[in-house]
Amino acid sequence: MSDPWWKGAAVYQIYPRSFCDTTGNGVGDLAGVRRHLDHIADLGVDAIWLSPFYRSPMKDAGYDVADYCDVDPIFGTLDEFDRLLAEIHERGMRLLIDWVPNHTSDQHPWFVEARASRESAKRDWYIWRDGHPDRPPNNWQAAFPRGPAWTWDDATKQWYLRLFLPEQPDLDWENPEVVAAMHDTLRFWLDRGVDGFRMDVIHLIGKDPRLPDVPEELTKIPTVALHDDPRTHAHLRGIRRVLEEYDHEPLMIGEVFLLSTERVADYYGRGDELHLAFNFPPLFAPWEADAWLGHLEKAQAEIRSRGAWPSWVLSNHDNPRHRTRYGESLARARAAAVLLLTLEGTPFLYAGEELGMRNARIPEERRVDPGGRDGCRAPIPWDATALHGWAGEPWLPWSRDAEETDAAAQARDVDSVLALYRRLLSLRRSSRALRTGTIDEARVAGDVLAYERRAGDERLCVAINFASEDRALALAGDWQVRIASDGRGEGRAFAGRVAPDTALILAPA
Ligand code: GLC
């Protein structure tokens, strides 16, 4: 059997609000995504993951869905979506969309009906509990704002569970009607031709109806980072069966926000749950060779050992961009691109990282997100004009170096971060070793993390120097530099040293 398409793929995440505005309202839209499809295709990725574009009151920037089967007018229309999908497919790429199954918006007609009365037919689509208005039914903690994960509904005198905002009530997946309705939302998009889903906080959907308290010492931690109920696995198998009704190999990649690779690995099931799971511990790792060696070995021990395939991500719409996390260093961000695109597994890029973007500083009066994540959601600068290719002043301020990071300028500059990402993705495309080969000989020698990727006769060596001084690296045999994150010495013999905060891909000479 040949490998599924997503094993060797590189995926590009688009946060639609921040990508490109074509209407002048300052919010990115689907037409803006369509406008820049050549940028994405030229970058050399295989698939796009689009964060939510559903109808939404935007309390959580679209992760509060009011209609799973429609496009919010701020982003466009279903016709515009179909056109975008067709143009993605024309370029030989695939499209994954976000799916938010744990909670809806409080404006979703299901919740409006549920909330109307205790007798409502949809009441038990959500999780309601009796109690005293001063005492939430259990000690679970919301992600933002921090505090009890419950909201008191004064009209019907009950609490409802919401692990995020009060405007994001949790669905009750123990109710078969909810399961059936949510499966239908998947079919709606699969019928339109989407190639898979990124499943939002998927580890939260199964819940013990007794809603047991967590131990007292864990009550400072938001429940999203703790919850690991076995019921979720049966739900995942059910969702997987829906995807398997389709023969174009739709992918399910789940956000499993558990900060332990062992526990994340369980969500692959026995090859019958998630195809891929986000593994966040490496995203939180410092810029240190030993830390990365540890994560690479964990991926082997916990994920590869069960025949599953890892995924890797450095930046997304919920966390400070990796350039910022790594001390704002452009050299490190460039070296990290080599790491991301050469590890064994499916890499996920976050739009803007291919331009070396860092977090924007957001003045207090411009802050939008209740979770404090605006900095990584700054708009993408497309060109050097005053609005950088946006039709209106963006909803968030530009990142401070929008001038140097604009995509058009970088496309013309062979030394740019964009040019580096293009070289890396193009090498990946031509190299079975990098796409689906094994990872071997991983080791750290004096701040340099080195490993080999192999497939058949093909062999590449990757060396990343995490130190701020140059370091020696002894390798058996003769090697030639294929790609250097600082652009130096490509095509020449490897001389046994790696520059500070620099990564090399070497091929046997
Ligand atoms: C996920 C999303 C995040 C959202 C949350 C609630 O963690 O990535 O942006 O706020 O779920 O849906």
Side-chain angles (χ1 to χ4, degrees), residues 60 63 100-103 126-153 158-174 199-236 254-269 273-274 277-286 288 290-292 294-295 297-299 301-303 313 316 318-320 325 369-373:
D60 185 14
Y63 282 92
V100 190
N102 178 66
H103 43 267
Y126 294 84
I127 300 170
W128 297 92
R129 289 293 181 272
D130 291 330
H132 187 275
D134 296 333
R135 212 172 328 108
N138 74 8
N139 66 4
W140 293 7
Q141 295 295 300
F144 38 74
R146 292 294 165 86
W150 294 90
T151 295
W152 176 254
D153 183 57
Q158 274 190 321
W159 292 92
Y160 66 85
L161 179 70
R162 44 87 184 177
L163 292 173
F164 293 89
L165 294 172
E167 296 88 354
Q168 290 170 298
D170 282 46
L171 283 163
D172 187 358
W173 273 75
E174 301 319 304
M199 303 189 166
D200 190 61
V201 286
I202 193 69
H203 63 301
L204 298 181
I205 62 177
K207 292 181 183 91
D208 181 340
R210 290 167 302 170
L211 303 175
D213 275 333
V214 298
E216 193 49 40
E217 66 274 19
L218 298 179
T219 51
K220 293 273 174 295
I221 303 175
T223 303
V224 56
L226 296 172
H227 190 83
D228 193 10
D229 190 273
R231 285 165 189 78
T232 297
H233 299 286
H235 294 312
L236 284 175
E255 183 196 24
V256 179
F257 198 84
L258 293 170
L259 303 182
S260 135
T261 303
E262 290 89 320
R263 289 167 71 192
V264 168
D266 277 344
Y267 288 78
Y268 288 86
E273 297 184 29
L274 295 173
F278 280 118
N279 180 33
F280 288 131
L283 188 150
F284 298 116
E288 282 171 23
D290 286 318
W292 276 92
H295 287 300
E297 287 173 341
K298 267 227 153 89
E302 308 295 340
I303 300 172
V313 59
N316 63 23
D318 289 330
N319 295 284
R325 293 202 317 276
D369 178 45
R373 298 162 294 184

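All heavy atoms count here, side chains included; hydrogens, waters and symmetry mates do not. We're numbering straight along the sequence, starting at 1.
Taken from CD1 in I205 to CG in L236, the straight-line distance is 5.5 Å, to the nearest 0.5 Å. Rounded to the nearest 0.5 angstrom, N319 CG and L283 CG are separated by 5.0 Å. D228 CG to L258 CG: the interatomic distance, rounded to the nearest 0.5 Å, is 5.0 Å. Atom CD of Q141 is separated from atom NE2 of H227 by 14.5 Å, given to the nearest 0.5 angstrom. K207 NZ to D170 CG: the interatomic distance, rounded to the nearest 0.5 Å, is 4.0 Å. Here the CG atom belonging to L259 is positioned 9.5 Å from the CG atom belonging to N279, to the nearest 0.5 angstrom.
Classified by interplanar angle (parallel below 30°, tilted 30° to 60°, perpendicular above 60°), the ring pair F280/F278 is parallel. Using a 30° and 60° split on the angle between ring planes, Y160 and W128 fall in the perpendicular class, above 60°.
Checking side-chain atoms of W140 against main-chain N and O of P212 turns up a donor-acceptor pair under 3.5 Å. A donor-acceptor contact shorter than 3.5 Å is absent between the side chain of R129 and the backbone of W159. H203 places a side-chain N or O within donor-acceptor distance of the main-chain N or O of V224, the cut-off being under 3.5 Å. No donor-acceptor pair closer than 3.5 Å links the side chain of Y267 to the backbone N or O of E273. One N or O on the side chain of N139 and one on the backbone of V214 form a donor-acceptor pair closer than 3.5 Å.
Using a 4.5 Å heavy-atom threshold, the side chains of I127 and L211 count as touching. Looking only at side-chain heavy atoms (C-beta outward), T151 and P136 stay at 4.5 Å or farther from each other. Counting only heavy atoms from C-beta outward, the side chains of E255 and D200 approach each other to under 4.5 Å. Residues R231 and D229 form a side-chain contact, since some pair of their non-hydrogen atoms from C-beta on lies under 4.5 Å apart. In this structure the side chain of D318 never reaches within 4.5 angstrom of the side chain of Y63, judged on heavy atoms. Between F144 and Q168, some side-chain heavy-atom pair lies under the 4.5 Å cut-off. Contact of the H103 side chain with the V201 side chain is registered, since non-hydrogen atoms from C-beta on lie closer than 4.5 Å. For the pair L204 and F257, the minimum side-chain heavy-atom distance is 4.5 Å or more.
In E216, the CD atom is not crowded: 12 or fewer heavy atoms of neighbouring residues, nucleotides or ligands sit closer than 6.0 Å.
Across every non-hydrogen atom of L226 and R263, the tightest pair is O-NH2, 3.1 Å. The two residues P101 and L171 have their closest heavy-atom pair at O-CD1, 3.5 Å. Residue A277 comes nearest to L274 through the heavy atom pair CB-CD1, 4.0 Å, listed as atom of the first residue, atom of the second, then distance. Taking every heavy atom of both residues into account, E174 and H235 meet most closely at OE2-NE2, 3.0 Å. For the residue pair I202 and G254, the shortest heavy atom distance occurs at CG2-CA, 3.8 Å. For A142 against P222, the heavy-atom pair with the smallest separation is O-CB, 3.8 Å.
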| request: Could you walk me through whether W150 and N138 pass side chain to side chain donor-acceptor pair (under 3.5 Å), step by step? | output: CA-CA 8 Å; W150 294 90; N138 74 8; 2.8 Å; yes
| request: Take N316 and R373 through the test side-chain contact (heavy atoms from CB on, under 4.5 Å) and record every step on the way to the result. | output: CA-CA 10 Å; N316 63 23; R373 298 162 294 184; over 6 Å; no
